[in-house]
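First comes the structure, then the notes that go with it.
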There are 4 protein chains.
Amino acid sequence: MLLDIDLQSETPIYTQLVNGIIEGIARGQLLPGEALPSVRSLAADLGINLHTVNKAYHLLKQDGYVQINRKQGVVIEPDAFPPADAAFKERLAKQLRPLLAEAICRGMSKEELDAVCSAVYEDMRSNELGGG
Amino acid sequence: MLLDIDLQSETPIYTQLVNGIIEGIARGQLLPGEALPSVRSLAADLGINLHTVNKAYHLLKQDGYVQINRKQGVVIEPDAFPPADAAFKERLAKQLRPLLAEAICRGMSKEELDAVCSAVYEDMRSNELGGG
Amino acid sequence: MLLDIDLQSETPIYTQLVNGIIEGIARGQLLPGEALPSVRSLAADLGINLHTVNKAYHLLKQDGYVQINRKQGVVIEPDAFPPADAAFKERLAKQLRPLLAEAICRGMSKEELDAVCSAVYEDMRSNELGGG
Amino acid sequence: MLLDIDLQSETPIYTQLVNGIIEGIARGQLLPGEALPSVRSLAADLGINLHTVNKAYHLLKQDGYVQINRKQGVVIEPDAFPPADAAFKERLAKQLRPLLAEAICRGMSKEELDAVCSAVYEDMRSNELGGG
DNA sequence: GTGGTCTAGACCACT
DNA sequence: GTGGTCTAGACCACA
């Protein structure tokens, strides 16, 4: 799994981990039921503390992206991910607003915006088709 | 200006201020050259600390959205906002990525995603036409 | 015997086993003197570790719910279960307290609480009449 | 606030804290909007680590019993506690089952059980009326 | 001064 | 060997 963590970033490490793993799922590089590295091994691999990894795993569990088993460790949620219900779309819109507002201020057209959005989207989906 | 600050939010208050003002500009409710409330009065209005407002104003100045003059106080940048250059688009894409990844995991189609994106965009632009 | 083990649960598997067997006794599905499956077969049936079943059986023995004989294996205590003495009632009250506290916080009335309590109680007793 | 923590108990300290605070709310000793001690001061008072208190506070936040503010610290949820909906009642019943099963095995009648239940309930409610 | 984050290291429960 | 819990101590962001 390719997780590049920026220790200097102002984004907390555990947030980078959460985002990276969710992106891995979106890209199809992490499949439902697949096991994630143990807290200790991932922490060692990334050169960070095991508590930081632990916090990330627990946030993912809380959001329904992984299951934490007694012995087996952490696995990608095998059944169904949480749905894109109204609450999620509202949250998404709320997070989108400041990004789009800034883009509008800087004079980006709707087309330019869609282009950026689509580029990001396709980048993740294309990897899914060819990934493995 | 309608700035609703959520003291319970995890988002720092100064960030909420920055976002709110940028959104005000995007909506056309704040026009280039227009004066913003003084640090003191805005802090009093919102019931928050002077330093918090100050920090927000200075971040906006740093990003090229306002000018801070000793006499006139803080005014919306009258000339030109920073451009939507490659660096900005890259930053935008980077911020978009975790949002879209989560949407993909939850099974949102590109069309649903575009719908949410467009709704947010149009909401801000429509207000601009009728605003002032 | 119907023992459904949830490997994802936070409750240790051996605890689930202990609870399940005690509930089986309460329901009258397991009768005094009746033999329980051997450690080996139950572990195989449930797909869990021998040690886990062993631990559960020994806890049940310790609490006076089963007897462990070398020849007959594990049998439900044929004579008398431990009494509901003051010590037990105190322990019961102690375990009940956080549950009721939460129910009170959420605004449940004494009647609603009794209803839930009775429903659980009757569910177990009704099965006893028809079970065996 | 009266929080007696048993460091020897097999119940995790943070769980004891969570239970104790919820019980404090149920008893009316902790009122909505009231501030809880800071993470550091409570940890110092109880002679435990601040991370342990922190974990308890965050669990309470997650369950909707407290709010965590930037500067003000932690306060009891001022508006409404989570409702006693079907999901909660189901969880309650699930937690009640092993307790009642054991009581049945030990020969407690429904009346004895109700007596214990009511005693716990009234103990908490009576304190609320006369508390302060 | 408040909580947020991270580190380092330890012991324990579970399987 | 896995995660769960707890400790001790540090630095930072926020207000």
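Predicted model only: the values in this text are computed from it and were never measured. Numbers restart at 1 for each chain; the letters A, B, ... are given by sequence-line order, proteins then strands.
- Among the nucleotides F:dG4, F:dT7, E:dT15, the one closest to any side-chain atom of C:Y14 is E:dT15.
- OP1 or OP2 of F:dA15 sits under 4.0 Å from a side-chain N or O of D:R70.
- Between C:L96 and D:L99, the shortest heavy-atom distance links the atoms CD1-CD2, 3.5 Å.
- The shortest non-hydrogen separation linking A:I68 to A:Y57 is CD1-O, 4.1 Å.
- Nearer to the 5' terminus of DNA chain F, by closest-nucleotide assignment, is the contact made by D:T15 (compared with the other of B:T15 and D:T15).
- The side chain of C:K55 sits closest to E:dC14 out of F:dT7, F:dG3, E:dC14.
- Atom-to-atom, NZ of D:K71 to C1' of E:dG4 comes out at 14 Å; the value is rounded to the nearest Å.
- Residue B:T52 has its side chain nearest to F:dA15 when only F:dC6, F:dA15, E:dT15 are considered.
- Atom P of nucleotide E:dG3 and atom OH of D:Y57 are separated by 8 Å, given to the nearest angstrom.
- Between the C1' atom of F:dT5 and the CG atom of D:D6 lies a distance of 15 Å, rounded to the nearest Å.
- Atom-to-atom, CD1 of A:I13 to C1' of E:dT5 comes out at 9 Å; the value is rounded to the nearest Å.
- Nearest approach of B:C105 to A:I22, heavy atoms of both residues: SG-O, 3.5 Å.
- No N or O donor and acceptor, one from the side chain of A:H58 and one from the base of F:dG4, sit under 3.5 Å apart.
- The side chain of D:V39 lies closest to E:dG3, out of F:dA15, E:dC6, E:dG3.
- The CD atom of C:Q8 sits 17 Å away from the P atom of E:dC14 (whole-angstrom rounding).
- Counting heavy atoms from C-beta outward, A:N69 and C:Q8 have side chains that approach closer than 4.5 Å.
- Sequence order on DNA chain E of the closest nucleotides to A:H51 and D:G73 puts D:G73 first from the 5' end.
- Of all the heavy atoms in A:L17 and A:V53, the pair that sits closest is CD1-CA, 3.9 Å.
- Residue D:I68 is in sugar-phosphate contact alone, with no base atom involved, counting any heavy-atom pair closer than 4.0 Å across all strands shown.
- Of the candidates E:dG1, F:dT7, E:dG3, the closest approach to any side-chain atom of D:N49 belongs to F:dT7.
- In this structure, A:L7 atom CG and E:dT7 atom C1' are separated by 12 Å, rounded to whole Å.
- Between B:L50 atom CG and F:dC14 atom C1' there is a gap of 15 Å when expressed in whole angstrom units.
- Side-chain contact between C:I21 and C:L30 is present, with at least one heavy-atom pair separated by less than 4.5 Å.
- A:K94 and A:E90 are not joined by a salt bridge, as no carboxylate oxygen comes within less than 4.0 angstrom of a charged side-chain nitrogen.
- Closest contact between the side chain of A:I48 and the listed nucleotides E:dT7, F:dT7, E:dC14 involves E:dT7.
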Treat a base pair as Watson-Crick or G-U wobble with both distances under 3.5 Å, then lay out DNA chain F in dot-bracket form, 5' to 3', with | for cross-strand pairs. ||||||||||||||.
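- We find that CG of A:L46 is positioned 10 Å from P of E:dT7, with the value rounded to whole Å.
- Sequence order on DNA chain F of the closest nucleotides to D:R40 and A:N54 puts A:N54 first from the 5' end.
- No more than 12 heavy-atom neighbours from other residues, nucleotides or ligands sit within 6.0 angstrom of CD on B:E10.
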